2 protein chains.
Amino acid sequence: MQDSLSQTFAALADPTRRAMLAQLTLGDANISELAQPFLDRMSLPAITKHVKVLEKAGLVVKSRDAQWRSCTLNAEALRAVADWMEQYRSFWEARFDRLDAYLKTLPKKQKSEGAKNGRQRKAK
Amino acid sequence: MQDSLSQTFAALADPTRRAMLAQLTLGDANISELAQPFLDRMSLPAITKHVKVLEKAGLVVKSRDAQWRSCTLNAEALRAVADWMEQYRSFWEARFDRLDAYLKTLPKKQKSEGAKNGRQRKAK
DNA sequence: TGCACATTATACCTATCGGTTAATTAACCT
DNA sequence: AGGTTAATTAACCGATAGGTATAATGTGCA
């Protein structure tokens with residue numbers, strides 16, 4: 001997996017782990033608490049593994065308190081994802097793809113034909 | 001993998017595939033063109049597989065033109081990711097992460113009793 | 001001292017991932 | 001028809017992902 005962006009994406013590519021992150025937005029939680037919604041579906045060691053994946057990706061920080069491990073959301077780790085996403089935002093947010101990125105930086109202006117699309121080829 | 005958000009995240013969790021998406025922001029490309037930067041590292045069938053992953057995730061649309069398959073970026077598919085990310089933005093964007101998280105949940109402060117971790121940073 | 005509880009480690013299983021080589025399909029071009 | 005090119009399929013491989021059951025670790029407490 002190597003690079004950390006890939007690691008983060010991989011960590012997010014699982015509904016159980018995303019649900020855990022969602023729960024952590026409501027506050028820290030220890031393993032048992034994090035596990036509770038899933039215990040009808042999977043075992044505790046499975047939970048531990050999921051948490052470890054989140055931890056390695058930097059999305060969660062664990063601290064120990066006696067026999068409990070308190071997990072904290074570290075949303076910082078999502079910034080890299082957000083930054084990566086940003087380069088694509090203009091491609092989905094407006095109809096006039098790349099032009100839109102430019103227009104956003106200016107006061108309202110009118111759009112002249114969106115086909116500014118640098119993208120056709122077929123030049124065979 | 002089931003859910004499409006997981007599928008999208010999984011598709012993005014590979015540097016080769018992300019590089020392909022990046023190239024597609026510059027314009028459509030067929031398989032050979034997409035493959036070109038990677039052919040010293042991997043074979044053409046490997047490329048085909050990567051493209052197929054992107055296609056199944058909806059990130060790329062393929063159209064055929066004689067023996068060529070023209071690939072187009074479909075950034076629409078990234079919107080679901082962006083929407084998901086949005087719910088975490090406040091957790092990394094503000095300088096006062098923790099405080100922000102706390103403020104957002106202020107209305108439901110009645111759970112402070114039972115839950116040992118209701119939300120507070122644990123005066124350790 | 002010793003039990004109960006929270007969590008992790010170990011060992012194992014199956015399925016999927018990312019890659020390979022070799023063969024196949026499909027279209028074009030004389 | 002035959003050859004070249006673009007892309008895919010098929011069969012295979014080793015590594016990893018996600019899960020299991022069970023054993024081990026570490027801490028608080030009666």
Side-chain angles (χ1 to χ4, degrees), chain A residues 1-20 24 28-57 59-72 121-124, chain B residues 1-4 6-21 23-24 28-57 59-72 115-117 122 124:
Chain A
M1 179 73 40
Q2 305 164 328
D3 71 296
S4 88
L5 189 49
S6 296
Q7 208 174 340
T8 306
F9 274 127
L12 298 176
D14 183 288
T16 302
R17 291 194 289 262
R18 289 197 307 276
M20 287 174 169
L24 289 177
D28 295 1
N30 57 42
I31 301 288
S32 317
E33 288 167 340
L34 272 182
Q36 182 265 322
F38 308 107
L39 286 181
D40 55 344
R41 252 167 293 169
M42 68 184 75
S43 67
L44 206 51
I47 302 292
T48 296
K49 283 191 180 184
H50 279 302
V51 173
K52 190 165 296 184
V53 171
L54 292 171
E55 202 183 3
K56 277 190 185 156
L59 289 161
V60 155
V61 173
K62 246 186 302 187
S63 64
R64 66 185 300 163
D65 176 8
Q67 62 256 125
W68 294 273
R69 307 291 180 272
S70 187
C71 299
T72 305
R121 31 151 285 77
K122 214 119 211 212
K124 299 213 289 195
Chain B
M1 181 72 39
Q2 316 155 328
D3 71 295
S4 89
S6 296
Q7 208 174 339
T8 306
F9 274 126
L12 297 177
D14 184 288
T16 303
R17 292 194 289 262
R18 290 197 306 275
M20 287 175 169
L21 293 181
Q23 175 167 347
L24 289 177
D28 294 1
N30 57 43
I31 300 289
S32 317
E33 287 166 340
L34 273 182
Q36 182 265 320
F38 307 106
L39 286 182
D40 55 344
R41 252 167 293 169
M42 69 185 74
S43 67
L44 205 52
I47 302 292
T48 296
K49 284 189 178 184
H50 279 303
V51 173
K52 192 165 295 184
V53 171
L54 292 171
E55 201 184 2
K56 277 190 185 156
L59 289 161
V60 155
V61 172
K62 246 186 303 186
S63 64
R64 67 185 299 162
D65 175 10
Q67 64 256 131
W68 294 273
R69 307 290 181 273
S70 186
C71 299
T72 305
K116 60 186 59 150
N117 71 321
K122 201 154 253 194
K124 279 180 132 140

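Just so it is clear, the structure is predicted and the values come from calculations on it, not from any experiment. Side chains are part of it too, since the values below use all heavy atoms of this structure and drop only hydrogens, waters and symmetry mates.
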Exercise. Are the side chain of Arg17(B) and the backbone of Leu12(B) linked by a donor-acceptor contact shorter than 3.5 Å?
Worked result: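 No.
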For this session: Please report the C-alpha distance between Val53(B) and Leu59(B) in whole Å, then the side-chain angles of each, then the deciding distance to 0.1 Å, and finally whether the side chain to side chain contact (heavy atoms under 4.5 Å, CB included) criterion is met.
Result: CA-CA 9 Å; Val53(B) 171; Leu59(B) 289 161; over 6 Å; no
Problem set entry | Spacing of Asp28(B) atom CG and Ser63(B) atom OG [to the nearest 0.5 Å] | 7.0 Å
Seminar exercise, completed: Taken to the nearest 0.5 Å, the spacing of Arg18(B) CZ from Leu54(B) CG works out to 11.0 Å
Would you mind reading off the distance between [X] atom [atom1] and [N] atom [atom2], rounded to a whole angstrom?
X: Asp40(B); N: dG19(C); atom1: CG; atom2: P; value: 13 Å
X: Met20(B); N: dG18(C); atom1: CE; atom2: P; value: 12 Å
X: Gln36(A); N: dC5(C); atom1: CD; atom2: C1'; value: 17 Å
X: Asp65(B); N: dT5(D); atom1: CG; atom2: C1'; value: 14 Å
X: Leu39(B); N: dG19(C); atom1: CG; atom2: C1'; value: 14 Å
X: Lys62(B); N: dA26(C); atom1: NZ; atom2: P; value: 14 Å
X: Leu54(B); N: dC17(C); atom1: CG; atom2: P; value: 13 Å
X: Ile31(A); N: dA9(C); atom1: CD1; atom2: C1'; value: 14 Å

For nucleotides 18-20 of chain D, print each protein N/O atom paired with a nucleotide N/O atom at under 3.5 Å, atom names and distance only.
unit_1	atom_1	unit_2	atom_2	d
dG18(D)	OP1	Arg17(A)	NH2	3.3
dG18(D)	OP2	Arg17(A)	NH1	3.1
dG19(D)	OP2	His50(A)	NE2	2.3
dG19(D)	N7	Lys49(A)	NZ	3.0
dG19(D)	O6	Lys49(A)	NZ	2.3
dT20(D)	OP2	Ser43(A)	N	2.8
dT20(D)	OP2	Ser43(A)	OG	2.8

For this session: Considering just the side-chain nitrogens and oxygens of Lys52(B), establish if one lies under 4.0 Å of OP1 or OP2 belonging to dC17(C).
Result: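 It does not, given that no N or O in the side chain of Lys52(B) lies less than 4.0 Å from OP1 or OP2 of dC17(C).
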For this session: Would you name the heavy atoms of Gln23(B) and Glu33(B) that are closest together and state the gap between them?
Result: NE2-O, 3.5 Å
Exercise. Where is the tightest heavy-atom contact between Ala13(B) and Ala10(A), given as atom of each residue plus distance?
Worked result: CB-N, 3.5 Å
For this session: Could you list all the salt bridge (charged side-chain N to carboxylate O under 4.0 Å, His left out) pairs where at least one residue sits in residues 39-49 of chain A, not counting sequence neighbours?
Result: none
Problem set entry | Evaluation steps, side chain to side chain contact (heavy atoms under 4.5 Å, CB included), between Leu24(B) and Thr72(B) | CA-CA 7 Å; Leu24(B) 289 177; Thr72(B) 305; over 6 Å; no
Exercise. Among all residues two or more places apart in sequence or in another chain, which pass the side chain to side chain contact (heavy atoms under 4.5 Å, CB included) test with Arg69(B)?
Worked result: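 Side chain to side chain contact (heavy atoms under 4.5 Å, CB included) check on Arg69(B) returns Ile31(B), Lys62(B), Arg64(B).
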Exercise. How would nucleotides 25-30 of chain D be written as a contact map, 5' to 3', with B for base contact, S for sugar-phosphate-only contact and - for no contact, using protein heavy atoms under 4.0 Å?
Worked result: -BBS--
